[in-house]
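All residue numbers refer to positions in the sequence shown, counting from 1. Keep in mind that what you see is a predicted model, and the values were worked out from it rather than measured.
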Amino acid sequence: MTPEQINAAAQSLFTAEQDGRQIGILSESHPQMTLADAYAVQDALVALKRDAGRRQIGWKIGLTSRAMQQALQIETPDSGVLFDDMLFVSGDTIPPARFIEPRVEAEIAFVMKSPLQGAQVTRKDVIKATDYVCPALEILDTRITRQNPQTGVRRLVQDTIADNAANAGLVLGDRRLSPDHDLRWLGAIVSRDGVVEETGLGAGVLNDPVTGIVWLVQRLAELGQGLEAGQVVLSGSFIRPVECPSGAEINADFGKFGNFDICFG
């Protein structure tokens, strides 16, 4: 994609989020769109959000489960940027016009106590730099239509990455855990309107959520960037996305590690 095409795509995504109307599939309009192009669109979109006054509070990691990677024919996770206006708390009701097609995923969030960067980062480095971890819900949304109703073409991973890795919001649980905890066994039961929709364990995230943080730091190192103290990092979902139509009441039960709710107006 040319610089002009990248900027135009970013502006379209920015406007789509503001107006609550989806755009067409970018990878269909630009068949030669690469992963590098997708991240370039994301970077331009993030710049627009910063210019609009939004403040970055962290990162999200996506496509960490084997099932999702196989579905999108990709062998690596993806990442996006978290902003201050994305943060919600347990008990919140999401305004009905806030999102287009919201879904939720259960995750483990890492909160950093010190900066972390470098291509040689290890699991031990991640644990040392982490202040604490806590249960979380990620709210997904798509500013790009999932499927073109005329052609039947579905969006690709390039579309998801360009759309800030489909990120829209997050809810953090109150319970704080040491990063030394065996996060593979931290699990959740996610219900919608009182019906269990998904269950899972942290092991679904690359066999260990810490591995996702290692991957992110190594990817950021290629860009001369890293994690900053105080940033939140969503390490990746260990359940399939749960659809959240208007009126949906979501409960995330992490057992002894906390239980929280959110409602979609």
Side-chain angles (χ1 to χ4, degrees), residues 49 54-62 64 77 79-95 98-99 102-116 126-127 129-141 164-192 197-202 204-205 208-213 216-217 227-239 241-242 244 248-265:
K49 293 186 176 187
R54 301 181 192 177
R55 178 177 59 85
Q56 182 176 352
I57 61 170
W59 300 86
K60 70 147 285 184
I61 306 169
T64 52
S79 65
V81 174
L82 302 176
F83 286 99
D84 54 348
D85 65 334
M86 296 178 175
L87 190 59
F88 297 92
V89 299
S90 179
D92 274 352
T93 295
I94 308 298
R98 177 66 189 269
F99 302 125
R103 299 181 291 171
V104 296
E105 294 179 332
E107 310 207 5
I108 299 169
F110 287 65
V111 180
M112 312 308 297
K113 66 179 177 183
S114 57
L116 186 61
V126 170
I127 292 174
T130 301
D131 189 7
Y132 61 89
V133 300
C134 63
L137 280 176
E138 179 182 5
I139 303 173
L140 304 174
D141 199 11
N164 197 23
N167 182 247
L170 66 156
V171 187
L172 301 179
D174 294 331
R175 180 71 183 274
R176 298 182 176 188
L177 307 173
S178 166
D180 285 323
H181 189 87
D182 188 352
L183 302 177
R184 298 176 307 149
W185 290 98
L186 199 163
I189 303 168
V190 178
S191 303
R192 181 182 61 206
E197 296 288 346
E198 289 290 334
T199 65
L201 291 172
V205 180
D208 183 353
V210 177
T211 304
I213 311 301
L216 176 62
V217 175
L227 303 182
E228 299 177 8
Q231 286 189 332
V232 178
V233 184
L234 295 178
S235 59
S237 176
F238 49 79
I239 66 167
V242 176
C244 299
E249 296 184 359
I250 301 296
N251 174 261
D253 184 355
F254 285 81
K256 65 180 181 179
F257 299 119
N259 188 314
F260 48 97
D261 304 275
I262 195 163
C263 179
F264 289 81

Checklist entry - Which residue, Val233, Leu227, Leu116, forms the side chain to side chain contact (heavy atoms under 4.5 Å, CB included) with Val126? => result Leu116
Next on the checklist: Going by the rule side chain to side chain contact (heavy atoms under 4.5 Å, CB included), which residues pair with Val205 if we only count those two or more places apart in sequence or in a different chain?
Outcome noted: Thr64, Pro209, Phe238
Do you know the tightest heavy-atom contact between [X] and [Y]?
X      : Y      : result
Phe254 : Ala136 : CZ-O, 3.7 Å
Ile61  : Pro77  : CG2-CB, 3.9 Å
Ala188 : Ala106 : CB-CB, 4.1 Å
Val232 : Ala109 : CG1-CB, 4.1 Å
Cys244 : Val104 : SG-CG1, 3.6 Å
Val242 : Arg192 : CG1-NH1, 4.0 Å

Any chance you could measure [X], atom [atom1], to [Y], atom [atom2], to the nearest 0.5 Å?
X      : Y      : atom1 : atom2 : value
Thr211 : Leu183 : OG1   : CG    : 10.0 Å
Ser191 : Glu198 : OG    : CD    : 10.5 Å
Leu216 : Phe110 : CG    : CZ    : 11.0 Å
Asn164 : Lys49  : CG    : NZ    : 5.0 Å
Asp92  : Ile262 : CG    : CD1   : 5.5 Å
Leu170 : Leu137 : CG    : CG    : 9.5 Å

Item to check | Qualifying residues under salt bridge (charged side-chain N to carboxylate O under 4.0 Å, His left out), relative to Arg103, sequence neighbours excluded | outcome: none
Next on the checklist: If the condition is salt bridge (charged side-chain N to carboxylate O under 4.0 Å, His left out), which residues does Asp180 pass it with, not counting sequence neighbours?
Outcome noted: none
Is any side-chain heavy atom of [Y] closer than 4.5 Å to one of [X]?
X      : Y      : answer
Met112 : Asp131 : no
Gln231 : Gln56  : yes
Leu177 : Leu186 : yes
Ile94  : Pro102 : no

Checklist entry - Do Phe257 and Val133 pass the side chain to side chain contact (heavy atoms under 4.5 Å, CB included) test, and can you show the C-alpha distance, the side-chain angles, and the key distance before you say yes or no? => result CA-CA 11 Å; Phe257 299 119; Val133 300; over 6 Å; no
Checklist entry - Taking it one step at a time, do Leu82 and Glu138 satisfy side chain to side chain contact (heavy atoms under 4.5 Å, CB included)? => result CA-CA 10 Å; Leu82 302 176; Glu138 179 182 5; 5.6 Å; no
[Y] backbone acceptor or donor facing [X] side chain under 3.5 Å:
X      : Y      : answer
Asp84  : Arg55  : yes
Glu228 : Pro115 : no
Arg54  : Asp85  : no

Next on the checklist: Evaluate His181 against Ile108 for side chain to side chain contact (heavy atoms under 4.5 Å, CB included), listing each step before the verdict.
Outcome noted: CA-CA 12 Å; His181 189 87; Ile108 299 169; over 6 Å; no
Residues forming a side-chain hydrogen bond (donor to acceptor under 3.5 Å, both in side chains) with [X], sequence neighbours excluded:
X      : answer
Asp261 : Asn251
Arg184 : Asp182
Arg98  : none

